[in-house]
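Since the structure comes first, as structure tokens, the remarks are kept for the end.
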Protein chains: 2
Amino acid sequence: MLQKYPSSLLENAVNEFARLPGVGRKSALRLALHVLRWTNGEVEAFADAITDMKGNVHYCRVCHNICDAEICNICEDKARDAATVCVVESIKDVMAIENTGQFHGLYHVLGGIISPMDGVGPADLQIDSLVQRAKSSPIKEIILALSTTMEGDTTNFYIFRKLAGIDVKISVIARGISVGDELEYTDEITLGRSILNRTEFNESFKYNS
Amino acid sequence: MLQKYPSSLLENAVNEFARLPGVGRKSALRLALHVLRWTNGEVEAFADAITDMKGNVHYCRVCHNICDAEICNICEDKARDAATVCVVESIKDVMAIENTGQFHGLYHVLGGIISPMDGVGPADLQIDSLVQRAKSSPIKEIILALSTTMEGDTTNFYIFRKLAGIDVKISVIARGISVGDELEYTDEITLGRSILNRTEFNESFKYNS
């Protein structure tokens, strides 16, 4: 359907909203017209929150989680177990695991998983920094908590090989999560249990066995 | 579910996204993290498009449609039939009717419909300006094209009474649209036909008969 917009300013805003994931042109128009009904202050607060976030947010130097300072709250928390590091794909996964209340160690956010189809290789991820961390800090165990997909398994195996020779136990979260599911949409009970029931990583995990 | 955000800047952005209609906190987080992956330029373009729209958009002095100047393109178009005015609830309805290609007159955007449940009374709508327009310009026919809901019928009837004594034909779009449906989601064929088959308004329309 060819949409003619009565205003180029409206059309611009619709175009921008339509760039958000899951927002089509019809939804984008609805969002733009909704925003038009906000006060000037509300619209400014909305725009400022987004540009502020983009401009001023930090990524933790240690675990690459999002944070407001150089080092994130979790890495700075002396009460947490610095000997256990949970490797996750994204910030959303850190939040999901934190919500289970089952994990008291630190994290390492890869920023994605190896996916040749999407053009994501090992060099695009925080894998080298994980290896450095395993070498230089007193880490006893690394828990791989990636999605149980082909890409997740590939990434697990790649990390496993990279960590070869370093004296650290490598485990994966229990396969209680059904294969093919995304980590962030798993319920808290299943996700929490999969942290508790983690199993030692070995080569048999390579082919989703 | 209590969500703990690793960054207050992220939390702010999530809160702002969650104010959009149809966006829950989980979607808001997804949108915020998606925006974080944009370049600074892209984020600025997004924020600017929204604040620009809010700050600089005009509402047509004649029909109250959204536009970039004092008078909208439709009102300024001399090729259109200025004797026929179609009364709609919102800008989206103007766009929906324009898309049918069946209407060549002008519009009048009420900015809502009478809805005591939502606290919207006649004074909140552009009804007085419609009456002024009917008195002062060469309007021969006013087509009421509001949603076929209780509120739409009430508004139709209110306008019908307000226009009493003014020499103008009042019609409503044909009830080809199923009762209870929203105007903007009607398919173009039905909506176009309902414009062509409009019928003269009389008091029998009051109770959805």
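Residue numbers start from 1 in every chain, and the chains themselves are labelled A, B, ... in the order their sequence lines are given, proteins ahead of strands. Keep in mind that what you see is a predicted model, and the values were worked out from it rather than measured.
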Name the region of B/Y59, side chain, backbone, both or neither, that has any atom closer than 4.5 Å to a heavy atom of chain A. side chain

Name, in order of residue number, those residues of residues 84-94 of chain A that have a heavy atom at a distance of less than 4.5 Å from a heavy atom in chain B; otherwise write 'none'. A/I91, A/K92

With a 3.5 Å distance limit and no angle check, can you tell me whether A/S7 reaches the backbone of A/L9 through a side-chain donor-acceptor pair? yes

With a 4.5 Å cut-off on heavy-atom pairs, point out which of B/R37, B/M53, B/H34 contacts chain A the most. B/M53

Cut-off 4.5 Å, heavy atoms of chain A, and the answer for B/I66 is both

Bottom line for A/C72: the part with an atom under 4.5 Å from chain B's heavy atoms is neither

Within this structure, what is the CZ-CG distance for the pair B/F160 and B/L144, rounded to the nearest 0.5 Å? 9.5 Å

Identify which of B/A49, B/C67, B/P21, B/A47 forms the greatest number of heavy-atom pairs closer than 4.5 Å to chain A. B/P21

Do any N or O atoms from the side chain of B/T51 and from the backbone of A/E44 form a donor-acceptor pair under 3.5 angstrom? no

When only pairs under 4.5 Å are counted, which of B/V14, B/V35, B/L31 shares the most heavy-atom pairs with chain A? B/L31

Atom group of B/N65 that falls short of 4.5 Å from chain A, counting heavy atoms: side chain

In terms of heavy-atom contacts, does CG of A/N73 have more than 12 from other residues, nucleotides or ligands at under 6.0 Å? no

NZ/NE/NH1/NH2 to OD/OE distance under 4.0 Å, B/E42 and A/K54: no

When you measure from the side chain of A/H104 to the backbone of A/A79, do you find a donor-acceptor pair of N or O atoms at a distance under 3.5 Å? no

Is it true that a side-chain atom of A/S137 and a backbone atom of A/R133 form a donor plus acceptor pair closer than 3.5 Å? yes

Any salt bridge linking B/R80 with B/E98? Criterion: basic side-chain nitrogen under 4.0 Å from a carboxylate oxygen. yes

For B/Q126 and B/S129, does a side-chain donor sit closer than 3.5 Å to a side-chain acceptor? yes

Distance-only, no hydrogens or angles: does the A/D118 side chain make a donor-acceptor pair with backbone N or O of A/S115 under 3.5 Å? no

Max heavy-atom pairs within cutoff under 4.5 Å with chain B, candidates A/L36, A/N40, A/I50, A/N12, goes to A/L36

Non-hydrogen atoms of chain A under 4.5 Å away: do they reach the side chain of B/A69, the backbone, both or neither? neither

